[in-house]
Participant: 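I'd like to ask you about the structure that follows.
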Amino acid sequence: MTKNSTWKSLKKDFAIKDIFDSFIGAFILATLIYAPIAIILVELITVLMYLLTLLVIIIIISLFVYVFCIFYFWWKSLVLKKQEINTDVKKLFLKTAIITNIIVLILGLIFLFVMIPILWV
Amino acid sequence: MKVLTKYYKKIILVLIIPYLIFSFLLFARIPFAVYSPGGISEVEDLIDIDYNNDKIIEGSISTTYIMAIQRPTYFQFILGTLSPYASISTLSTTYETYTNKEIAQISYLDKETSVDASIIIAYTYAKKVNPEIEINYVVKSLVYGKAEYLDHYDEINFGDEFVKLVGDDGYEVTDISEISDFTKNLSSYDFTFKNEDGETYTVSLSKNPEYNKFGVTLKEYAIVDDSTIYPTYTEKQSNIGGPSGGLLQTLAIYNHLIDEDLTHGLKIAGTGTIRYDGSVGYIGGVEQKVITAYVNKVDLFFMPSLDSAYTHDNYQVALKVCEKYGINPDGWLIPVSSFSDAIAYLEGLDES
(Lines give C-alpha, C1' and ligand atoms only; values in the text may rest on other atoms or scores of the structure.)
Protein backbone atom coordinates (compact mmCIF):
# COMPACT_ATOMS: atom_id res chain seq x y z
CA MET A 1 0.00 0.00 0.00
CA THR A 2 1.45 3.35 -0.96
CA LYS A 3 1.39 6.01 1.69
CA ASN A 4 0.18 9.55 1.19
CA SER A 5 2.67 12.31 1.43
CA THR A 6 0.46 15.32 2.02
CA TRP A 7 -0.04 17.69 4.93
CA LYS A 8 -3.70 16.74 4.97
CA SER A 9 -2.91 13.11 5.71
CA LEU A 10 -0.32 14.14 8.30
CA LYS A 11 -3.03 16.13 10.07
CA LYS A 12 -5.11 12.97 10.16
CA ASP A 13 -2.25 11.06 11.78
CA PHE A 14 -1.35 13.71 14.36
CA ALA A 15 -3.08 16.43 16.27
CA ILE A 16 -2.03 19.93 15.20
CA LYS A 17 -0.61 20.43 18.70
CA ASP A 18 1.68 17.40 18.30
CA ILE A 19 2.89 18.51 14.87
CA PHE A 20 3.58 22.00 16.20
CA ASP A 21 5.27 20.70 19.35
CA SER A 22 7.52 18.45 17.25
CA PHE A 23 8.38 21.34 15.01
CA ILE A 24 9.33 23.59 17.94
CA GLY A 25 11.51 20.82 19.40
CA ALA A 26 13.18 20.20 16.04
CA PHE A 27 13.69 23.91 15.47
CA ILE A 28 15.30 24.44 18.89
CA LEU A 29 17.57 21.41 18.56
CA ALA A 30 18.65 22.30 15.02
CA THR A 31 19.22 25.92 16.03
CA LEU A 32 21.32 24.84 19.00
CA ILE A 33 23.52 22.89 16.62
CA TYR A 34 23.56 25.58 13.93
CA ALA A 35 24.07 28.69 16.11
CA PRO A 36 27.81 28.13 16.79
CA ILE A 37 28.34 27.27 13.11
CA ALA A 38 26.60 30.50 12.05
CA ILE A 39 28.65 32.56 14.51
CA ILE A 40 31.87 30.87 13.34
CA LEU A 41 31.01 31.75 9.73
CA VAL A 42 30.19 35.37 10.60
CA GLU A 43 33.45 35.72 12.54
CA LEU A 44 35.27 34.14 9.60
CA ILE A 45 33.84 36.87 7.38
CA THR A 46 35.03 39.61 9.74
CA VAL A 47 38.61 38.38 9.48
CA LEU A 48 38.59 36.97 5.94
CA MET A 49 36.55 39.72 4.30
CA TYR A 50 38.45 39.28 1.04
CA LEU A 51 36.83 35.85 0.77
CA LEU A 52 33.35 37.35 1.24
CA THR A 53 31.73 35.75 -1.82
CA LEU A 54 33.07 32.30 -0.98
CA LEU A 55 32.02 32.62 2.66
CA VAL A 56 28.52 33.81 1.77
CA ILE A 57 28.18 30.78 -0.52
CA ILE A 58 29.31 28.57 2.39
CA ILE A 59 26.70 30.28 4.62
CA ILE A 60 24.00 29.53 2.03
CA ILE A 61 25.09 25.88 1.90
CA SER A 62 25.14 25.73 5.71
CA LEU A 63 21.58 27.09 5.72
CA PHE A 64 20.58 24.20 3.44
CA VAL A 65 21.97 21.78 6.02
CA TYR A 66 20.20 23.70 8.80
CA VAL A 67 16.87 23.44 6.99
CA PHE A 68 17.40 19.71 6.41
CA CYS A 69 18.30 19.31 10.11
CA ILE A 70 15.05 20.97 11.18
CA PHE A 71 13.03 18.68 8.95
CA TYR A 72 15.03 15.60 10.01
CA PHE A 73 14.46 16.29 13.72
CA TRP A 74 10.82 17.10 13.01
CA TRP A 75 10.42 13.76 11.29
CA LYS A 76 12.31 11.98 14.05
CA SER A 77 10.13 13.57 16.71
CA LEU A 78 6.92 12.56 14.94
CA VAL A 79 8.15 9.01 14.39
CA LEU A 80 9.10 8.73 18.05
CA LYS A 81 5.66 9.94 19.07
CA LYS A 82 3.73 7.44 17.00
CA GLN A 83 4.94 4.25 15.37
CA GLU A 84 2.11 3.60 12.98
CA ILE A 85 1.78 6.49 10.61
CA ASN A 86 -0.18 6.37 7.38
CA THR A 87 1.64 9.32 5.90
CA ASP A 88 4.98 9.13 4.16
CA VAL A 89 6.41 11.86 6.41
CA LYS A 90 9.92 11.44 5.07
CA LYS A 91 8.84 12.14 1.51
CA LEU A 92 6.58 14.99 2.58
CA PHE A 93 9.31 16.68 4.59
CA LEU A 94 11.93 16.08 1.92
CA LYS A 95 9.73 17.84 -0.64
CA THR A 96 9.09 20.73 1.76
CA ALA A 97 12.77 20.99 2.69
CA ILE A 98 13.77 21.16 -0.97
CA ILE A 99 11.20 23.91 -1.62
CA THR A 100 12.41 25.80 1.48
CA ASN A 101 15.99 25.46 0.32
CA ILE A 102 15.14 26.79 -3.13
CA ILE A 103 13.71 29.88 -1.40
CA VAL A 104 16.87 30.08 0.77
CA LEU A 105 19.00 29.84 -2.37
CA ILE A 106 17.08 32.63 -4.13
CA LEU A 107 17.25 34.89 -1.05
CA GLY A 108 20.94 34.08 -0.63
CA LEU A 109 21.74 34.95 -4.23
CA ILE A 110 19.75 38.20 -3.96
CA PHE A 111 21.74 39.03 -0.82
CA LEU A 112 25.03 38.16 -2.48
CA PHE A 113 24.59 39.94 -5.78
CA VAL A 114 22.13 42.73 -4.97
CA MET A 115 22.11 43.55 -1.27
CA ILE A 116 25.85 43.39 -0.52
CA PRO A 117 26.85 45.81 -3.32
CA ILE A 118 24.05 48.19 -2.23
CA LEU A 119 24.63 47.96 1.50
CA TRP A 120 28.42 47.83 1.51
CA VAL A 121 29.18 51.46 0.61
CA MET B 1 10.07 18.58 22.37
CA LYS B 2 10.36 16.20 25.34
CA VAL B 3 10.56 13.14 23.07
CA LEU B 4 13.47 14.61 21.15
CA THR B 5 15.32 15.68 24.30
CA LYS B 6 14.86 12.22 25.75
CA TYR B 7 16.01 10.51 22.54
CA TYR B 8 19.12 12.67 22.13
CA LYS B 9 19.82 13.03 25.88
CA LYS B 10 23.20 11.27 25.75
CA ILE B 11 24.43 13.24 22.74
CA ILE B 12 23.25 16.51 24.27
CA LEU B 13 25.07 15.76 27.53
CA VAL B 14 28.27 14.83 25.70
CA LEU B 15 28.10 18.01 23.62
CA ILE B 16 27.59 20.40 26.55
CA ILE B 17 31.31 20.78 27.32
CA PRO B 18 32.46 21.40 23.70
CA TYR B 19 29.48 23.74 23.38
CA LEU B 20 30.62 25.78 26.36
CA ILE B 21 34.19 25.84 25.03
CA PHE B 22 32.97 27.09 21.65
CA SER B 23 30.77 29.70 23.31
CA PHE B 24 33.77 30.98 25.23
CA LEU B 25 35.93 31.12 22.09
CA LEU B 26 33.20 32.86 20.12
CA PHE B 27 32.08 35.41 22.70
CA ALA B 28 34.89 36.22 25.16
CA ARG B 29 36.82 39.28 23.96
CA ILE B 30 40.47 40.18 24.47
CA PRO B 31 42.23 43.58 24.41
CA PHE B 32 43.87 43.24 21.01
CA ALA B 33 43.17 44.50 17.51
CA VAL B 34 43.12 42.33 14.39
CA TYR B 35 43.67 43.97 11.01
CA SER B 36 42.87 42.04 7.87
CA PRO B 37 42.27 42.84 4.18
CA GLY B 38 38.83 44.20 3.34
CA GLY B 39 37.67 45.50 -0.01
CA ILE B 40 37.34 48.53 -2.22
CA SER B 41 34.35 50.83 -2.34
CA GLU B 42 33.53 53.12 -5.26
CA VAL B 43 33.23 56.74 -4.17
CA GLU B 44 30.41 57.34 -6.69
CA ASP B 45 28.29 54.94 -4.60
CA LEU B 46 28.86 57.04 -1.49
CA ILE B 47 28.65 60.60 -2.79
CA ASP B 48 26.13 61.55 -5.40
CA ILE B 49 26.77 64.97 -6.97
CA ASP B 50 23.94 66.58 -8.89
CA TYR B 51 26.15 67.86 -11.71
CA ASN B 52 27.62 66.74 -15.01
CA ASN B 53 25.10 63.91 -14.99
CA ASP B 54 25.71 63.14 -18.66
CA LYS B 55 29.44 62.77 -18.18
CA ILE B 56 30.65 59.26 -18.82
CA ILE B 57 33.33 58.14 -16.39
CA GLU B 58 34.92 55.13 -18.02
CA GLY B 59 37.01 53.95 -15.09
CA SER B 60 36.37 54.02 -11.38
CA ILE B 61 37.84 55.62 -8.27
CA SER B 62 37.55 53.64 -5.06
CA THR B 63 38.60 53.91 -1.47
CA THR B 64 40.19 50.90 0.18
CA TYR B 65 38.97 49.59 3.49
CA ILE B 66 40.35 46.96 5.78
CA MET B 67 38.73 45.04 8.57
CA ALA B 68 39.84 46.43 11.92
CA ILE B 69 38.49 44.30 14.72
CA GLN B 70 38.97 45.99 18.07
CA ARG B 71 38.78 43.56 20.99
CA PRO B 72 38.38 40.41 18.90
CA THR B 73 36.96 37.20 20.28
CA TYR B 74 39.42 34.36 20.89
CA PHE B 75 38.24 32.76 17.67
CA GLN B 76 38.86 35.93 15.64
CA PHE B 77 42.24 36.26 17.35
CA ILE B 78 43.17 32.68 16.38
CA LEU B 79 41.99 33.29 12.81
CA GLY B 80 44.07 36.46 12.68
CA THR B 81 47.11 34.54 13.88
CA LEU B 82 46.62 31.84 11.26
CA SER B 83 45.80 34.13 8.35
CA PRO B 84 48.91 35.07 6.35
CA TYR B 85 47.46 38.49 5.52
CA ALA B 86 46.21 39.58 8.94
CA SER B 87 48.19 41.37 11.58
CA ILE B 88 47.59 41.57 15.30
CA SER B 89 48.49 44.31 17.72
CA THR B 90 47.54 45.28 21.24
CA LEU B 91 44.57 47.59 21.54
CA SER B 92 45.57 51.21 20.97
CA THR B 93 45.85 53.15 24.25
CA THR B 94 43.50 55.76 22.77
CA TYR B 95 40.78 53.14 22.51
CA GLU B 96 41.45 51.30 25.78
CA THR B 97 38.70 53.05 27.72
CA TYR B 98 36.15 52.99 24.91
CA THR B 99 33.59 50.34 24.18
CA ASN B 100 33.48 48.87 20.66
CA LYS B 101 30.33 50.93 20.01
CA GLU B 102 32.17 54.13 20.93
CA ILE B 103 35.13 53.18 18.75
CA ALA B 104 32.69 52.72 15.86
CA GLN B 105 31.15 56.15 16.59
CA ILE B 106 34.60 57.78 16.45
CA SER B 107 35.32 55.93 13.23
CA TYR B 108 32.08 57.16 11.60
CA LEU B 109 32.79 60.69 12.80
CA ASP B 110 36.18 60.44 11.09
CA LYS B 111 34.46 59.24 7.93
CA GLU B 112 31.85 62.01 7.90
CA THR B 113 34.36 64.77 8.54
CA SER B 114 36.70 63.34 5.91
CA VAL B 115 33.86 63.52 3.36
CA ASP B 116 33.37 67.20 4.27
CA ALA B 117 37.11 67.81 3.86
CA SER B 118 37.04 66.03 0.48
CA ILE B 119 34.09 68.10 -0.71
CA ILE B 120 35.76 71.36 0.37
CA ILE B 121 39.07 70.56 -1.31
CA ALA B 122 37.63 69.04 -4.50
CA TYR B 123 35.18 71.94 -4.98
CA THR B 124 37.90 74.51 -4.23
CA TYR B 125 40.19 72.97 -6.86
CA ALA B 126 37.38 72.58 -9.38
CA LYS B 127 36.33 76.20 -8.83
CA LYS B 128 39.70 77.24 -10.27
CA VAL B 129 38.68 75.82 -13.65
CA ASN B 130 34.93 76.25 -13.31
CA PRO B 131 33.81 79.51 -11.61
CA GLU B 132 30.18 78.46 -11.34
CA ILE B 133 31.13 76.05 -8.55
CA GLU B 134 30.40 77.45 -5.12
CA ILE B 135 31.75 76.20 -1.82
CA ASN B 136 31.65 77.66 1.67
CA TYR B 137 32.27 76.09 5.02
CA VAL B 138 32.02 76.75 8.71
CA VAL B 139 34.50 75.65 11.35
CA LYS B 140 32.93 73.69 14.17
CA SER B 141 34.43 72.18 17.31
CA LEU B 142 33.17 68.65 17.74
CA VAL B 143 33.49 66.17 20.59
CA TYR B 144 36.17 63.73 19.51
CA GLY B 145 37.13 62.08 22.79
CA LYS B 146 35.73 61.39 26.22
CA ALA B 147 37.70 60.39 29.29
CA GLU B 148 36.29 57.92 31.77
CA TYR B 149 36.05 60.62 34.42
CA LEU B 150 34.02 63.01 32.23
CA ASP B 151 30.84 64.22 33.98
CA HIS B 152 27.61 63.53 32.08
CA TYR B 153 29.49 60.94 30.05
CA ASP B 154 26.36 59.41 28.54
CA GLU B 155 24.72 62.73 27.71
CA ILE B 156 27.64 64.03 25.66
CA ASN B 157 28.01 62.13 22.40
CA PHE B 158 30.84 61.89 19.90
CA GLY B 159 30.28 64.44 17.15
CA ASP B 160 28.26 66.83 19.33
CA GLU B 161 29.17 70.42 18.60
CA PHE B 162 30.71 72.58 21.29
CA VAL B 163 28.76 75.84 21.34
CA LYS B 164 30.09 77.77 24.34
CA LEU B 165 31.07 77.67 27.96
CA VAL B 166 30.65 80.29 30.62
CA GLY B 167 34.21 80.86 31.78
CA ASP B 168 35.82 82.91 34.56
CA ASP B 169 34.19 86.27 35.28
CA GLY B 170 31.26 85.27 33.09
CA TYR B 171 33.35 85.37 29.89
CA GLU B 172 31.65 83.41 27.14
CA VAL B 173 34.16 81.08 25.49
CA THR B 174 33.33 79.90 21.97
CA ASP B 175 36.87 79.30 20.73
CA ILE B 176 38.29 76.03 22.06
CA SER B 177 41.82 77.47 22.19
CA GLU B 178 40.59 79.83 24.95
CA ILE B 179 39.10 77.15 27.18
CA SER B 180 42.19 76.59 29.35
CA ASP B 181 42.77 80.35 29.80
CA PHE B 182 39.25 81.04 31.05
CA THR B 183 38.69 78.02 33.26
CA LYS B 184 41.23 78.58 36.00
CA ASN B 185 39.29 79.83 39.02
CA LEU B 186 36.45 77.36 39.49
CA SER B 187 36.27 73.58 39.60
CA SER B 188 33.23 73.27 37.34
CA TYR B 189 31.84 75.23 34.39
CA ASP B 190 28.69 75.20 32.28
CA PHE B 191 29.32 73.81 28.78
CA THR B 192 26.76 74.11 26.02
CA PHE B 193 26.70 71.56 23.21
CA LYS B 194 24.52 70.90 20.19
CA ASN B 195 23.60 67.30 19.40
CA GLU B 196 23.12 65.75 15.96
CA ASP B 197 19.41 66.65 16.01
CA GLY B 198 20.35 70.32 16.39
CA GLU B 199 19.16 70.55 20.00
CA THR B 200 21.37 72.48 22.41
CA TYR B 201 21.94 71.31 25.96
CA THR B 202 24.01 72.63 28.83
CA VAL B 203 25.91 70.47 31.30
CA SER B 204 28.12 71.38 34.20
CA LEU B 205 31.54 69.78 33.82
CA SER B 206 34.09 69.53 36.62
CA LYS B 207 37.82 69.32 36.26
CA ASN B 208 39.28 66.02 37.37
CA PRO B 209 41.63 66.85 40.29
CA GLU B 210 44.21 64.27 39.16
CA TYR B 211 44.50 65.41 35.54
CA ASN B 212 43.18 68.97 35.96
CA LYS B 213 41.07 68.39 32.84
CA PHE B 214 37.36 68.23 32.06
CA GLY B 215 37.77 64.97 30.17
CA VAL B 216 36.28 66.02 26.86
CA THR B 217 38.44 66.27 23.72
CA LEU B 218 37.28 68.83 21.18
CA LYS B 219 38.59 69.03 17.64
CA GLU B 220 37.98 71.68 14.98
CA TYR B 221 36.54 70.58 11.67
CA ALA B 222 35.56 72.46 8.55
CA ILE B 223 31.97 71.53 7.77
CA VAL B 224 30.40 72.19 4.37
CA ASP B 225 27.79 74.95 4.34
CA ASP B 226 24.97 73.11 2.59
CA SER B 227 22.90 76.27 2.08
CA THR B 228 25.33 77.90 -0.34
CA ILE B 229 27.05 74.97 -2.03
CA TYR B 230 26.75 74.46 -5.79
CA PRO B 231 26.34 71.84 -7.14
CA THR B 232 24.56 70.07 -4.31
CA TYR B 233 25.48 66.56 -3.29
CA THR B 234 23.99 63.68 -1.35
CA GLU B 235 26.09 61.63 0.99
CA LYS B 236 24.76 58.13 1.41
CA GLN B 237 24.89 56.29 4.71
CA SER B 238 28.15 54.38 4.88
CA ASN B 239 29.01 51.38 6.98
CA ILE B 240 32.71 51.89 6.41
CA GLY B 241 34.37 54.17 8.95
CA GLY B 242 37.66 56.00 9.22
CA PRO B 243 39.31 58.95 7.48
CA SER B 244 41.69 57.07 5.18
CA GLY B 245 39.46 57.40 2.12
CA GLY B 246 39.98 61.18 2.08
CA LEU B 247 42.35 61.42 -0.88
CA LEU B 248 40.37 59.10 -3.13
CA GLN B 249 37.05 60.72 -2.19
CA THR B 250 38.55 64.08 -3.15
CA LEU B 251 39.81 62.70 -6.46
CA ALA B 252 36.46 61.16 -7.36
CA ILE B 253 34.50 64.31 -6.47
CA TYR B 254 36.94 66.48 -8.42
CA ASN B 255 36.73 64.12 -11.38
CA HIS B 256 32.95 64.43 -11.31
CA LEU B 257 33.08 68.24 -11.35
CA ILE B 258 35.49 68.73 -14.24
CA ASP B 259 34.87 68.04 -17.92
CA GLU B 260 37.72 65.59 -18.59
CA ASP B 261 37.74 62.07 -17.24
CA LEU B 262 40.87 61.58 -15.15
CA THR B 263 40.29 57.85 -14.76
CA HIS B 264 41.21 57.08 -18.43
CA GLY B 265 39.16 53.91 -18.07
CA LEU B 266 41.32 52.63 -15.23
CA LYS B 267 40.28 51.03 -11.98
CA ILE B 268 41.88 53.46 -9.54
CA ALA B 269 42.12 52.92 -5.81
CA GLY B 270 44.30 54.15 -3.03
CA THR B 271 44.46 55.36 0.50
CA GLY B 272 45.45 58.45 2.50
CA THR B 273 43.70 61.01 4.62
CA ILE B 274 43.20 64.48 3.21
CA ARG B 275 44.07 67.67 5.08
CA TYR B 276 42.40 71.01 4.54
CA ASP B 277 45.47 72.35 2.71
CA GLY B 278 45.23 69.53 0.17
CA SER B 279 48.13 67.54 1.57
CA VAL B 280 47.83 63.83 2.25
CA GLY B 281 48.19 62.21 5.66
CA TYR B 282 49.45 58.82 6.78
CA ILE B 283 47.17 55.87 7.32
CA GLY B 284 47.37 52.57 9.19
CA GLY B 285 47.07 49.02 7.91
CA VAL B 286 49.31 49.54 4.85
CA GLU B 287 49.96 45.81 4.37
CA GLN B 288 46.29 44.87 4.43
CA LYS B 289 45.38 47.74 2.08
CA VAL B 290 48.02 46.78 -0.49
CA ILE B 291 46.81 43.17 -0.42
CA THR B 292 43.17 44.31 -0.72
CA ALA B 293 44.00 46.43 -3.76
CA TYR B 294 46.00 43.62 -5.35
CA VAL B 295 43.29 41.03 -4.76
CA ASN B 296 40.72 43.43 -6.25
CA LYS B 297 42.90 43.85 -9.35
CA VAL B 298 43.10 47.64 -9.31
CA ASP B 299 45.19 49.30 -12.03
CA LEU B 300 46.63 52.11 -9.92
CA PHE B 301 47.08 52.43 -6.20
CA PHE B 302 47.86 55.77 -4.56
CA MET B 303 49.85 55.62 -1.34
CA PRO B 304 50.90 58.51 0.95
CA SER B 305 54.61 59.28 0.71
CA LEU B 306 55.73 62.18 2.86
CA ASP B 307 59.29 61.35 3.87
CA SER B 308 61.26 58.62 2.12
CA ALA B 309 63.84 58.62 4.94
CA TYR B 310 61.22 57.80 7.54
CA THR B 311 61.07 54.05 8.21
CA HIS B 312 57.31 54.01 8.73
CA ASP B 313 56.53 56.15 5.68
CA ASN B 314 53.46 54.50 4.13
CA TYR B 315 55.01 54.25 0.65
CA GLN B 316 58.24 52.73 1.98
CA VAL B 317 56.25 50.18 3.97
CA ALA B 318 54.09 49.45 0.92
CA LEU B 319 57.20 48.79 -1.18
CA LYS B 320 58.32 46.21 1.36
CA VAL B 321 54.86 44.64 1.32
CA CYS B 322 55.02 44.41 -2.48
CA GLU B 323 58.40 42.71 -2.21
CA LYS B 324 57.08 40.30 0.44
CA TYR B 325 54.14 39.19 -1.70
CA GLY B 326 55.87 39.39 -5.09
CA ILE B 327 53.79 42.34 -6.34
CA ASN B 328 55.44 44.54 -8.98
CA PRO B 329 55.00 48.13 -7.70
CA ASP B 330 56.23 49.81 -10.92
CA GLY B 331 53.42 51.87 -12.39
CA TRP B 332 51.00 50.33 -9.92
CA LEU B 333 51.94 51.76 -6.55
CA ILE B 334 51.98 55.53 -6.89
CA PRO B 335 53.49 57.71 -4.13
CA VAL B 336 51.66 60.97 -3.47
CA SER B 337 52.07 63.67 -0.87
CA SER B 338 49.17 65.85 -1.88
CA PHE B 339 45.97 65.93 -3.86
CA SER B 340 47.79 67.97 -6.54
CA ASP B 341 50.31 65.12 -6.90
CA ALA B 342 47.52 62.68 -7.63
CA ILE B 343 45.89 64.99 -10.19
CA ALA B 344 49.24 65.66 -11.84
CA TYR B 345 49.90 61.93 -12.11
CA LEU B 346 46.51 61.21 -13.66
CA GLU B 347 46.81 64.16 -16.06
CA GLY B 348 50.27 62.88 -16.97
CA LEU B 349 48.71 59.59 -18.04
CA ASP B 350 46.93 61.54 -20.73
CA GLU B 351 50.19 62.71 -22.22
CA SER B 352 51.93 59.34 -21.98
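Within every chain, numbering begins at 1; the chains are lettered A, B, ... in the order of the sequence lines, protein sequences first and strands thereafter. These numbers were taken from a predicted model, which means no experiment stands behind them. The figures that follow rest on heavy atoms only: side chains count, while hydrogens, waters and symmetry mates do not.
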Participant: What part of B:I69 gets within 4.5 angstrom of chain A, counting heavy atoms only: side chain, backbone, both, or neither?
Facilitator: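 Just its side chain gets close to chain A.
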Participant: Knowing that exactly one of B:L247, B:I274, B:I47 qualifies, which makes a side chain to side chain contact (heavy atoms under 4.5 Å, CB included) with B:S118?
Facilitator: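 When side chain to side chain contact (heavy atoms under 4.5 Å, CB included) is applied between B:S118 and each of B:L247, B:I274, B:I47, only B:I274 qualifies.
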Participant: Between B:L15 and chain A, which part of the residue has a heavy atom less than 4.5 Å away: side chain, backbone, both or neither?
Facilitator: neither
Participant: Is it true that the side chains of B:T232 and B:Y51 contain a donor and an acceptor less than 3.5 Å apart?
Facilitator: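 No, because no side-chain N or O of B:T232 sits under 3.5 Å from a partner of the opposite role on B:Y51.
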Participant: What part of B:S83 lies closer than 4.5 angstrom to a heavy atom of chain A: side chain, backbone, both or neither?
Facilitator: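 B:S83 touches chain A through side-chain heavy atoms alone.
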Participant: Would you mind telling me which of B:F75, B:F22, B:Y85 has the largest number of heavy-atom pairs within less than 4.5 Å of chain A?
Facilitator: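 Most heavy-atom pairs under 4.5 Å with chain A: B:F75.
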Participant: Just by distance, with hydrogens left out, do B:Q105 and B:Y98 show a side-chain donor and acceptor under 3.5 Å apart?
Facilitator: no
Participant: What part of A:L32 lies closer than 4.5 angstrom to a heavy atom of chain B: side chain, backbone, both or neither?
Facilitator: both
Participant: Counting only non-hydrogen atoms closer than 4.5 Å, does B:Y35 touch chain A with its backbone (N, CA, C, O), its side chain (CB onward), both, or neither?
Facilitator: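 Neither part, no heavy atoms under 4.5 Å.
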Participant: When only pairs under 4.5 Å are counted, which of B:G38, B:G39, B:G80, B:A86 shares the most heavy-atom pairs with chain A?
Facilitator: B:G38
Participant: Please classify the contact of A:I28 with chain B as side chain, backbone, both or neither, using a heavy-atom distance under 4.5 Å.
Facilitator: side chain
Participant: Using the rule side chain to side chain contact (heavy atoms under 4.5 Å, CB included), only one of A:L52, A:I59, A:I57 pairs with A:L112; which is it?
Facilitator: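 Only one of A:L52, A:I59, A:I57 forms a side chain to side chain contact (heavy atoms under 4.5 Å, CB included) with A:L112, namely A:I57.
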Participant: Which one wins on heavy-atom pair count under 4.5 Å against chain A: B:V295, B:I12, B:L26, B:V3?
Facilitator: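 Option with the top pair count is B:L26.
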Participant: Given heavy-atom pairs under 4.5 angstrom as the criterion, report whether the side chain, backbone, both or neither of B:T73 touches chain A.
Facilitator: side chain
